[in-house]
There are 2 protein chains.
Amino acid sequence: MMVTQTLPLTDISADACTSSLARAAIAPEHAETLARSLKALADPARLRIISIVAAHAAAEACVCDLTDQLTLSQPTISHHLKVLVDAGFLTRVKRGTWSYYSLVPGSLNSVAGVLAAV
Amino acid sequence: MMVTQTLPLTDISADACTSSLARAAIAPEHAETLARSLKALADPARLRIISIVAAHAAAEACVCDLTDQLTLSQPTISHHLKVLVDAGFLTRVKRGTWSYYSLVPGSLNSVAGVLAAV
């Protein structure tokens, strides 16, 4: 098991079917977990990174693909990528000189499932 | 037309069917709008307020209902309520001495729809 800075999204998805926000008052600890995931997403640059990665061929992109499309420095993009990896939205694989990022399947749906009213 | 601090969620829902994050790279201005809505949600107290309001009888609650369940001061709760009203998640109706808050139908689904992978 990897230790990450934030709780992995699986903690949310486990509750997605039983703890929709609009069905019953959520427990304080679930609110903390969901807020952490939403904070990781609540940034325009990070939302654009997710959508660029997801729309890329094979849903995988390297930092070079992102610097081409975002008007941000490489260290800034690397910071945003780290936040998204730590929050469980992206995974990182190193091949040669480049790191490649892909969307964790189901990770956005997990958050969407909790938010959606039943 | 009302001028609000943040863009209303209808701006997001209009794009929910065509601009899923995982389908195509979203435009910078859409990323800004979605990030603002997610920021309004990305707080444990605000998530709990939404779920308490939604789970309450007739999906409507007054501040007194919230102070009973949250260990927060009334001014702090009022601040969180204002953020959620400004972001288009809650509406406020004043009856007598109390203000009553209810969930804007479809507002959470609008955000969920954009996040969900297609």
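Note on naming: letters A, B, ... go to the chains in the order of the sequence lines (proteins, then strands), and numbering restarts at 1 for each one. Just so it is clear, the structure is predicted and the values come from calculations on it, not from any experiment.
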Problem - pair N109(B)-L115(A): side-chain heavy atoms closer than 4.5 Å - result: no

Exercise for the section: Check each atom of P105(A) against the heavy atoms of chain B and say whether the ones under 4.5 Å are side chain, backbone, both or neither. Expected result: neither

Handout entry: Side chain S107(B), main chain L103(B), donor-acceptor under 3.5 Å
Key = no

Exercise for the section: Heavy-atom pairs under 4.5 Å with chain B are the metric here; pick the option from R48(A), R46(A), Q69(A) that has the most. Expected result: R48(A)

Problem - Any donor-acceptor N/O pair, T76(A) side chain to L72(A) backbone, under 3.5 Å - result: no

Fill in the blank from the handout: From the list A42(B), A27(B), A40(B), A112(B), the residue making the most non-hydrogen contacts under 4.5 Å with chain A is A42(B)

Exercise for the section: Assess R92(A) against Y100(A): is NZ or CZ under 6.0 Å from the centre of the six-membered ring, and within 45 degrees of the ring's axis? Expected result: no

